[in-house]
*Asks:* 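What follows is a structure written as structure tokens; I'll ask about it next.
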Number of protein chains: 2
Amino acid sequence: MPDTPALGLRDRKRIETRLRIETAAVDIVTAEGLDGATVDMISDRAGISPRTFFNYFESKEDAILGTQDMGEVQRAIAAGVASAETDDLVAAIVSTMFQIFGPMAARTQLKAQRMALVQEHPRLLSRQIHQFTQLNSTMAAAVVEFLNKRETTLPRDPEHVAEIAVATCVASVRIAVKEWIADGATADIDSMYLRSIGLTRETLNTLQ
Amino acid sequence: MPDTPALGLRDRKRIETRLRIETAAVDIVTAEGLDGATVDMISDRAGISPRTFFNYFESKEDAILGTQDMGEVQRAIAAGVASAETDDLVAAIVSTMFQIFGPMAARTQLKAQRMALVQEHPRLLSRQIHQFTQLNSTMAAAVVEFLNKRETTLPRDPEHVAEIAVATCVASVRIAVKEWIADGATADIDSMYLRSIGLTRETLNTLQ
DNA sequence: GCAATAATTGCAGAGACTGCAAAAATGCAC
DNA sequence: GTGCATTTTTGCAGTCTCTGCAATTATTGC
């Protein structure tokens, strides 16, 4: 780990404010529904002005989803797939996703609450899919790297094959998470991971 | 084909108005960009009041995408997969998609223009993905049917495997279309279909 | 033609979001 | 701690999307 550059008061406050907004957003939407929650209400509970809300988030939906710095996540994903120790592509993709999103998903009440909201409100799901779509190309690029390193015979069309591979794995993670939520969000990350891999394998067998 | 029940003036006008709105929306967005185009401008060109615009479409994006009756499409998809003559699941899914969306996509200038817009504007893409996501469960159900009929050994988890299978095939269709657009939208539907199948096969081989 | 039904419209209003410039908070050098 | 530069917050005015409601107009079946 590189030295944390000793965040000053200004930065710490910013992070804290951001979290306060996210929490307020999720709480109010949980209580009042997606349309019942207004930016005014959220700002009010977070103790900021409505104008400041939009300094932190582009939209109400982003605040609810807690859109984090996607650049950060992108770099983590690329690094994760590239440095995977396995030669198994499915395992490389899925485990990278779990390394990155797993801790987010399972540890805090906020994240669990948020995931439930996403299942409940199609509009949020759509926005989240949009975020993931932006990640897909990064992941696909990392997968092409992966293939370049290990396979002697590359697919004829590595970029496009990589995109489909990513779509497949992402779908299996999404479905494992969906079931995790349906089960009351009790199981641990490892079992989600295993389930996700299992689903992918079964699907491949079925499709072949 | 069942007799068309001889649409009256009222219904014909409605269909025509709907089309005028879609066309106006696509034209103006093409010219002015997604944010440059307002509902007022679109309504104006379509010769209706802004209020009427919202009688036809829930949002600006829907007008641009020309959201058609999804119930119709859902039934067509279910029927298509169920009645596929092949035993090859990938072929069944992909060819059904092409049967339904192919004619839409390739025949008219409007549709081609629309597809270009979707590639260009991430916000539209995510909205469209969202629409497809809603189709996914219908398709997945049809796939489970398909598996029930043909496979002696069902996957342990047919519903979820079906969802992932659908996601995989949809992704390959999406990417084939994307490349079709990139190539200037010149190739025919058959070559898109073959390309889509080919991509899926290559991906499966790579992932196995 | 006439009544029933459906489509269009205007209007008023809520809510999301933006640009701008003033005010407050913070960081840093002295 | 004082003063100055930089950020952050905020208020305000304004645009745009979208909704409910009630009046108006068009289509239909009789």
Side-chain angles (χ1 to χ4, degrees), chain A residues 4-22 24-26 28-29 31-67 69 117 121-124 126-127 130, chain B residues 4-22 24-26 28-29 31-67 69 117 121-124 126-127 130:
Chain A
T4 312
L7 295 179
L9 173 58
R10 189 170 276 172
D11 293 296
R12 266 180 287 133
K13 250 191 156 171
R14 228 184 134 69
I15 291 171
E16 192 202 294
T17 301
R18 194 182 180 84
L19 184 62
R20 262 210 326 281
I21 298 175
E22 290 179 15
V26 167
I28 295 185
V29 172
E32 312 281 342
L34 191 46
D35 288 326
T38 69
V39 170
D40 281 6
M41 291 161 76
I42 297 172
S43 314
D44 203 51
R45 178 173 307 195
I48 55 165
S49 78
R51 186 65 187 80
T52 301
F53 177 95
F54 288 106
N55 288 340
Y56 281 84
F57 296 97
E58 285 188 6
S59 68
K60 199 171 75 174
E61 283 74 17
D62 278 349
I64 299 164
L65 292 176
T67 312
D69 182 6
L117 286 180
H121 299 285
R123 240 168 57 208
L124 291 180
S126 150
R127 188 97 184 186
H130 175 59
Chain B
T4 312
L7 293 179
L9 173 59
R10 188 173 278 169
D11 292 298
R12 264 181 289 133
K13 251 189 156 173
R14 227 184 135 69
I15 290 171
E16 191 203 295
T17 301
R18 194 183 180 84
L19 184 63
R20 263 209 325 281
I21 298 176
E22 290 178 15
V26 167
I28 295 186
V29 172
E32 312 281 342
L34 191 47
D35 287 326
T38 68
V39 170
D40 280 8
M41 293 162 76
I42 298 173
S43 314
D44 204 50
R45 176 171 306 194
I48 54 163
S49 78
R51 187 61 187 83
T52 301
F53 177 95
F54 289 107
N55 287 339
Y56 281 84
F57 295 98
E58 284 187 6
S59 69
K60 200 170 72 173
E61 283 74 16
D62 279 348
I64 300 164
L65 292 176
T67 312
D69 182 6
L117 285 180
H121 298 285
R123 237 167 59 206
L124 291 180
S126 71
R127 187 102 182 185
H130 180 224

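Heavy atoms only: backbone and side chains are in, while hydrogens, waters and symmetry mates are out. The sequence lines fix the lettering, A, B, ..., with proteins before strands; numbering per chain opens at 1.
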*Asks:* Any side-chain N or O of Ser49(A) less than 4.0 Å from the OP1 or OP2 oxygen of dT10(D)?
*Replies:*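 Yes, such a contact exists.
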*Asks:* Using the side chain to side chain contact (heavy atoms under 4.5 Å, CB included) definition, which of the options Val29(B), Ile28(B), Ile21(B) pairs with Ile64(B)?
*Replies:*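 Single pass found, and it is Val29(B).
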*Asks:* Check whether any side-chain heavy atom of Arg20(B) sits under 4.5 Å from a side-chain heavy atom of Thr17(B), and report yes or no.
*Replies:* yes
*Asks:* Please list, pair by pair, any protein nitrogen or oxygen found under 3.5 Å from a nitrogen or oxygen in nucleotides 17-20 of chain D.
*Replies:*
from, atom 1, to, atom 2, distance (Å)
dT17(D), OP1, Val39(B), N, 3.2
dT17(D), OP2, Val39(B), N, 3.3
dC18(D), OP2, Lys60(B), N, 3.0
dG20(D), N7, Arg51(B), NH2, 2.9
dG20(D), O6, Arg51(B), NE, 2.5

*Asks:* Rounded to whole Å, how long is the line connecting atom CZ of Arg12(A) with atom C1' of dA25(C)?
*Replies:*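 From Arg12(A) CZ to dA25(C) C1': 14 Å.
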*Asks:* Distance check needed: dT8(D) C1' versus Arg20(A) CZ, whole Å only.
*Replies:*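 Interatomic distance, CZ of Arg20(A) to C1' of dT8(D): 13 Å.
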*Asks:* Take atom CD1 of Ile64(A) and atom C1' of dA16(C), then tell me their distance rounded to the nearest Å.
*Replies:*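 Atom-to-atom, Ile64(A) to dA16(C), this comes out as 12 Å.
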*Asks:* Under 4.0 Å between a side-chain N/O of Lys13(A) and OP1 or OP2 of dT26(C), yes or no?
*Replies:* yes
*Asks:* To the nearest Å, how far apart are Asn55(B) CG and dT25(D) P?
*Replies:* 17 Å
*Asks:* Atom CD1 of Ile48(B) to atom P of dG10(C): distance rounded to whole Å?
*Replies:*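 About 11 Å, once rounded to whole Å.
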*Asks:* Is Arg14(B) near enough to dT8(C) that one of its side-chain N or O atoms lies under 4.0 angstrom from OP1 or OP2?
*Replies:* yes
*Asks:* Determine yes or no for a side-chain-to-main-chain donor-acceptor pair under 3.5 angstrom, with Thr52(A) supplying the side chain and Asn55(A) the backbone.
*Replies:*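 Here the side-chain-to-backbone pair does not exist.
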*Asks:* Might you point out which heavy atoms bring Leu34(A) and Lys60(A) nearest each other, and give the distance in Å?
*Replies:* O-NZ, 3.0 Å
*Asks:* Measure the distance from CZ on Arg123(B) to P on dC17(C) and round it to the nearest whole Å.
*Replies:* 10 Å
*Asks:* Can you measure from CZ (Phe54(B)) to CD1 (Ile48(B)) and round to the nearest 0.5 angstrom?
*Replies:*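 The CZ atom of Phe54(B) sits 9.5 Å away from the CD1 atom of Ile48(B).
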*Asks:* Taking the side chain as C-beta and beyond, is there a heavy-atom pair between Asp62(B) and Arg127(B) under 4.5 Å?
*Replies:* yes
*Asks:* Could you tell me how far apart Glu16(B) (CD) and dT27(D) (P) are, to the nearest whole angstrom?
*Replies:*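 After rounding, the gap between these two atoms is 12 Å.
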*Asks:* Drop me the distance from Phe57(B)'s CZ to Glu22(B)'s CD, to the nearest 0.5 angstrom.
*Replies:*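 So the gap between those two atoms works out to 4.5 Å.
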*Asks:* Let me know the distance between CD1 of Ile21(A) and C1' of dT9(D), rounded to the nearest Å.
*Replies:* 11 Å
*Asks:* Tell me whether the side-chain N/O atoms of Tyr56(A) come closer than 4.0 Å to OP1 or OP2 in dT9(D).
*Replies:* yes
